[in-house]
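Everything on this sheet refers to the single structure shown next.
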2 protein chains.
Amino acid sequence: MKTKITIKIIAKELGVSVSTVSKALRDSHEISQETKDRIKAYADYYNYRPNNLALQLRNQQTKVIGIILPQIVHHFFSTVIKGIEHEATERGYNIMVCFSNNNEAKEAETIDVLTNGSVDGLLVSLAKETLENNKFHHFNRLIHNEIPLVLFDRTHNSIECDKVIVDDVGAGYKATKYLLETGCERIAIATTPEHITVGLHRSQGYKKALMEVGKGIDPRLMVGVDESKDIQSQIEKLFEQNIDAVFAVNEIYAAIAIRIAKEKGMRIPEDISVIGFTDGLISEYSSPSITTVVQYGYTMGKQAAEMLIARIENKDDVIPPKTKVISSNIKVRESSKNL
Amino acid sequence: MKTKITIKIIAKELGVSVSTVSKALRDSHEISQETKDRIKAYADYYNYRPNNLALQLRNQQTKVIGIILPQIVHHFFSTVIKGIEHEATERGYNIMVCFSNNNEAKEAETIDVLTNGSVDGLLVSLAKETLENNKFHHFNRLIHNEIPLVLFDRTHNSIECDKVIVDDVGAGYKATKYLLETGCERIAIATTPEHITVGLHRSQGYKKALMEVGKGIDPRLMVGVDESKDIQSQIEKLFEQNIDAVFAVNEIYAAIAIRIAKEKGMRIPEDISVIGFTDGLISEYSSPSITTVVQYGYTMGKQAAEMLIARIENKDDVIPPKTKVISSNIKVRESSKNL
DNA sequence: TATCAACACGAAAACGTTTTCGCAGCAATG
DNA sequence: CATTGCTGCGAAAACGTTTTCGTGTTGATA
């Protein structure tokens, strides 16, 4: 790398002091117009740009937001990043993206590295392992050190900080209710094991909707998919019951349900309705296209960034942690009946 | 934010000099065991961590790789990021992700900001606008300043730097050849306008395969989809011809082709074969699942990162720019006949 | 002519590190 | 006793900025 031009170099070349150059470039009144012109011309000619590191060290701020995600190859997180980036750029921040790979140790280490001066604040969606182990040591230290932190999507109550979450119970409720209203009677659900909060909450919404109309909960209509085993055969079990709808807590389970229905010669949506989750591309482009609960990843990212930047820029104020809830809506497509 | 503990503070508290503390923490032989123990104990107790900014300024390196993408909500780029991140983490680097939104001005500005000390090198996939306008000023300045740069996926010949690309011509050829070998006679192609290089190259491969078996190129079997208009109706035109296969240069065009075929009552793959591009989720989970040319986004990211880090860590060596070509393979699924 | 403000600039500290060099104290050697 | 060498530590520079404070020169005013 060629040595970049610095204030020092300009000063030496022009026979003035470093401070004069700095002031001239910032158009200080302390410097005569003549000197300013001379310095600016020189700086322009050599395309001078102040060194970020030096500024960051001096100002004790980086204008960088750290993001820690469980994974990225996931349409939802991509949209979240997009939302964060948009807000961040608008407010003059850059983003630094890291992945925990759902691994608690890597999550902790990443936090450690980033918070030693590399970022002004952190946006985190918790690693699966962290949630399973219920260990939040690394986050509590963050909070103790008063480093701005906003949790989104995968959060946990015992961490006291700002949060942005989707109303998963409400979303599960909406989805189930929609199926009921379009005439479905025996609604199965393909969900996750209980320690995955999102799946748990969506199931709770499902149960709530069923109870409300006086239907009982039939455990044979529920499966908590263990992704370490074959997914299709687990969901297939639901079809042994006499069902006319499947509520899948994510897009992939929905696509698999459709495949199974087709294989069994069932017509969609006449014989069976399928509703999925997230606004990924699968739902939109598969045929039949899949009715889904759309998740506003972009909105979530944008709001999380907004909250974080507010914290960063008002560090002295003591404001109790807030939680923002993003609600979701049903996007009706071909895999379900219309109202 | 609580004031973090620094070497200075430790020095003052323990009544030694700053240099002694620094040396003690790095286990220098110049410091007596006794003093070292005292300092280390104190540092441990207060959980001392060196400040990254200070280190970066001093060492004139950030251990950060900048990535500039045209967009992110795209399965392929997600996998590329994943690949980059993996290699980077392994080599002790962090990644800073930015988006050009396919906008030349934003691309240029981002480059400007990042290269003023924020990153050690840059990984870029060119913005659409930059390619259309053929303006590479900002990149030439980068090269002139000898800032490590690797271009991937969307590149251009007139920028002289390391590159990682996929063999699009070869991929288009393979796909077409595969269709021919499974007995297809009249193969249509849904591609992009010519200024999108990837589409252009894949079309070239398509033509090459057809020529090789003595078939002519029928322009009625080709459409360069203009995404600003309705996509489906453009692809539908192909079906006015008597075709028995569609080669789509991306996953979405493939999904749309399947939808059209279904609407027309054609059986897949008996009446018509469809082959797509990229290894996104749509192809895998739609039914029928779509045969695709899989693109190794992860590999591409990993190799690009590898090349960049090599440049960063051997700045003095003058090595001529290299181009790595990632080849792709056909992943046969349900939308095409078997060999 | 002495005083004072205004003007134009420079010196130095600060941000948090690492590293080179110098030096004091002490023991060993001749 | 004088020299040498070693041990253990501190001062200071360096990375590139910004900002506070000080200072010399000029011109105007009393």
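Panel note: side chain A:Asn145, backbone B:Lys2; no donor-acceptor pair is recorded below 3.5 Å. Of the possible polar contacts, none joining the B:Glu87 side chain to the B:Ala305 backbone as a donor-acceptor pair under 3.5 Å is found. Remark: side-chain polar atoms of A:Lys324 are not paired, donor with acceptor, to backbone N or O of A:Ala304 under 3.5 angstrom. Using a distance-only test at 3.5 Å, with no hydrogens or angles considered, no donor-acceptor pair links the side chain of B:Asn314 to the main chain of B:Asp317. Of the possible polar contacts, one joining the A:Asn51 side chain to the A:Leu53 backbone as a donor-acceptor pair under 3.5 Å is found.
In this model, the phosphate group of C:dT18 is approached by a side-chain N or O of B:Ser22 to a distance below 4.0 Å at OP1 or OP2. Applying the 4.0 Å criterion to OP1 and OP2 of C:dC9, one finds that A:Thr20 has every side-chain N and O outside that range. Contact annotation: B:Thr35 side-chain N/O to D:dG8 OP1/OP2 distance is not under 4.0 Å. Applying the 4.0 Å criterion to OP1 and OP2 of D:dA14, one finds that A:Lys8 has every side-chain N and O outside that range.
A:Ile7 places its CD1 atom 11 Å from the P atom of D:dT19, with the value rounded to the nearest Å. When the P atom of D:dT7 is taken as reference, atom CD of B:Gln33 falls 14 Å away, rounded to whole Å. Spacing between atom CG of A:Leu25 and atom C1' of D:dT19 amounts to 15 Å, rounded to whole angstrom units. Whole-Å rounding puts the B:Lys4 NZ to C:dC15 P distance at 17 Å.
Both B:Gly15 and A:Val18 lie near DNA chain D, and the one whose nearest nucleotide falls closer to the 5' end is B:Gly15.
Considering only residues two or more places apart in sequence or on other chains, A:Asp112 meets the salt bridge (charged side-chain N to carboxylate O under 4.0 Å, His left out) condition with A:Arg141, B:Arg49. Residues that satisfy the side chain to side chain donor-acceptor pair (under 3.5 Å) test with B:Glu313, not counting sequence neighbours, are B:Arg91, B:Tyr93.
The aromatic rings of B:Phe152 and B:Phe77 sit perpendicular, their planes meeting at an angle over 60°, well past the 30° parallel limit. Ring geometry for B:Tyr46 against B:Tyr42 counts as tilted: the plane angle lies between 30° and 60°, on a 0 to 90° scale.
From A:Leu122, atom CG reaches atom CG of A:Leu308 across 8.0 Å, with rounding to the nearest 0.5 Å.
Side-chain atoms of B:Lys63 and B:Asn52 form no donor-acceptor pair, as typed in the model, at a separation below 3.5 Å. A:Asn157 and A:Lys163 share no side-chain donor-acceptor pair at under 3.5 Å. Neither side chain, B:Gln303 nor B:Thr299, offers a donor N or O lying under 3.5 Å from an acceptor on the other.
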>> Set out, in order, the CA-CA distance, both residues' side-chain angles and the distance that settles salt bridge (charged side-chain N to carboxylate O under 4.0 Å, His left out) for B:Glu107 and B:Arg154, then state yes or no.
In response: CA-CA 13 Å; B:Glu107 185 177 77; B:Arg154 300 199 190 165; over 6 Å; no
> Which nucleotides of nucleotides 20-28 of chain C have their base under 4.0 Å from a protein heavy atom (B), which only their sugar-phosphate (S), and which neither (-), written as one string 5' to 3'?
Replying inline: BB-------
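Residues from residues 53-62 of chain A that place a heavy atom under 4.0 Å from any atom of DNA chain C, listed by number: A:Leu57, A:Arg58, A:Gln60. Shown for residues 41-49 of chain B: no residue has heavy atoms falling under 4.0 angstrom of DNA chain D.
Taken over five-pair windows at either terminus, the axes of the helix from C:dT1-D:dA30 to C:dG30-D:dC1 are inclined to one another by 90° (rounded to 10 degrees).
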